[in-house]
There are 2 protein chains.
Amino acid sequence: MPTARPRREDYSESTRQALVDSAVALFTKQGYAATSLDAIARRARVTKGALYHHFSGKQAVFEAAFGAVERAVLAKLGQVVAGPGTPWDRAVSGLQAYVQVCLEPSYQRIAIHEGPVVMGWERWREAEEHFSFGLVKGAVEALVEAGEIDDLPVEVTARILFGALQTGAAIIAGADDPRKAGTDVSRTIIRVLEGMRVAGHDGGAPTGNAQPAQPAASLLRKLRG
Amino acid sequence: MPTARPRREDYSESTRQALVDSAVALFTKQGYAATSLDAIARRARVTKGALYHHFSGKQAVFEAAFGAVERAVLAKLGQVVAGPGTPWDRAVSGLQAYVQVCLEPSYQRIAIHEGPVVMGWERWREAEEHFSFGLVKGAVEALVEAGEIDDLPVEVTARILFGALQTGAAIIAGADDPRKAGTDVSRTIIRVLEGMRVAGHDGGAPTGNAQPAQPAASLLRKLRG
DNA sequence: GGCACGACATACCGACGGTACGTACCGGTG
DNA sequence: CACCGGTACGTACCGTCGGTATGTCGTGCC
């Protein structure tokens, strides 16, 4: 019996959203293993029964939280990389925006650190394809297409760059002086990018902007829920 | 031989080792959360009571497994990076050796993927400082000292490179064709390194090799146990 | 105005991490 | 050789948590 006002009067969707919000908050603060379903439900002012009505289990709750965090990030970054300028400019500004996003504790913990462990690496990778990694990959593809960087294998280059970005974000998040760490990381990664630039190339002609991959797949629907 | 070592300690040590081996095997196969202490003990042909005699809890068991895996890797890589040649050559060959090491499922799962989550990022980072990351950092320091690469912040550069290496390893481990993925990853990362090279530099004078940081700290003793 | 259905709550089970305690065995001592 | 202390386990048990089965209340519908 919920002591406060019964949630029943609200809509089901609101309850589900409250559960997701609760999960994001608790997973971010305590991590997946240390967060109980009872705690998640209690914070949303419902019981475990309600939780199991909306989700098939703890992992499903995590994936919903993961999806919520990723969609928020995607909304923030989508504008930046789709903005004006050359592919190179957009890549650099997107990079800086991403580093900024990575300071969000929820993204750090849920999407980057615990995501692969809880969801399994393969599934996590598949999901990431449609979210932040999709943006990075699109940016790299645009750079190659524009002849800005050497024609390395796109997939591998994008993944490695993605890994470097995540590590950079982790550095910033754990640093004593996040501001200084932020500039250090940005400088270093941009230096890496410049190192991969084709010799004598310093700003090519703009090309059509590359959209991230098609959404498709039932996984997407689950994460979108 | 100073004092006669009682047989009992041999047996005890052997039991502990069996528990660690069992833990490494099961954590690698099933992951931390899905592995029960009973299962670990059973595989070592003892009971949970014995396990709790040797370790303070599940996390301590994981850290022992982590230490075992990391020490094995360190032994393998230590020779490579301490070998002959210029800092640049040693860095490149060490890089390739590390990518090779990363194909070990135990290292992938225990050291890289679950380590930060189970031990906590800060503690994991502190431990890594004395193991594989220590080697990478040492190599980067040597490169900077030798004037091979630009004087970016060493710590940040090393960490980002480390992240890139791990990601590369993960790519190889999950690829359909590991051989092709291996060459792609090596090529890409070496390209990244070359991109960071100081312009017009293609092989400087050898310098004194930089040792990884001092071992010290009680954490080390625990992991060494 | 019953009635089916969705949206929860309640009660309970099994598994697992952790603890308390019992016990067999070894080495030393008188 | 009897005795004793401590180590290296085994056994029994508890609390918590993920998951399930079932009950209940409101609401739209005929």
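Model, not experiment: these values are computed from the prediction. Every chain is numbered from 1, with letters handed out A, B, ... down the list of sequences.
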Margin query: Any N or O donor-acceptor pair under 3.5 Å from the base of D/dG18 to the side chain of A/Lys48?
Written below: yes
When B/Asp176, B/Asp177, B/Asp184 are each screened for salt bridge (Lys or Arg N to Asp or Glu O under 4.0 Å) with B/Lys180, the one that passes is B/Asp184
| Phosphate contact (C/dC8 OP1 or OP2) by A/Thr47 side-chain N/O below 4.0 Å | no
Practice item. Give a yes/no verdict on a cation-pi contact between A/Arg109 and A/Phe27, requiring under 6.0 Å between NZ or CZ and the six-membered ring centre and an angle within 45° of the axis. Key: no
d(A/Phe133 CZ, A/Tyr98 OH) to nearest 0.5 Å is 10.5 Å
Per the under-4.0 Å heavy-atom filter, residues of residues 31-44 of chain B near DNA chain C come out as B/Thr35, B/Ser36, B/Leu37
>> Donor-acceptor pair, distance only, cut-off 3.5 Å: does the side chain of B/Lys76 make one with the backbone of B/Ala97?
In response: no
To the nearest angstrom, the CZ-P distance between A/Phe62 and D/dG18 comes to 14 Å
Taking only the side-chain nitrogens and oxygens of A/Thr15, find out if one of them lies under 4.0 Å from OP1 or OP2 of C/dC8. yes
message = Could you check whether A/Glu155 pairs with A/Arg125 (Lys NZ or Arg NE/NH1/NH2 to Asp/Glu carboxylate O, under 4.0 Å)?
response = yes
Whole-Å distance, B/Arg45 CZ to D/dA8 P, equals 18 Å
Whole-Å distance, B/Arg16 CZ to D/dC9 P, equals 12 Å
Within the structure, does a side-chain N or O atom of A/His53 lie under 4.0 Å from either OP1 or OP2 of C/dA9? no
A/His54 NE2 to D/dG19 P, in whole Å, measures 17 Å
Separation between CG (B/Leu143) and CG (B/Leu152), nearest 0.5 Å, reads 11.5 Å
When B/Leu51 and A/Lys58 are each assigned the nearest nucleotide of DNA chain D, the 5'-most assignment goes to B/Leu51
Practice item. Would you classify B/Gly49 as touching base, sugar-phosphate or nothing, given that sugar-phosphate means primed atoms plus P, OP1 and OP2, and contacts are heavy atoms under 4.0 Å? Key: base
Of D/dG10, C/dC8, D/dA8, the nucleotide closest to the side chain of B/Ser12 is D/dA8
Rounded to whole Å, CZ of A/Phe55 lies from C1' of D/dT20 at a distance of 18 Å
When rounded to whole Å, the CG to C1' distance for the pair A/Leu19 and D/dG18 reads 16 Å
Interatomic distance, OG@B/Ser106 vs NZ@B/Lys29, rounded to 0.5 Å, equals 10.0 Å
Among C/dG18, D/dT20, D/dA8, the one nearest any side-chain atom of A/Tyr52 is D/dT20
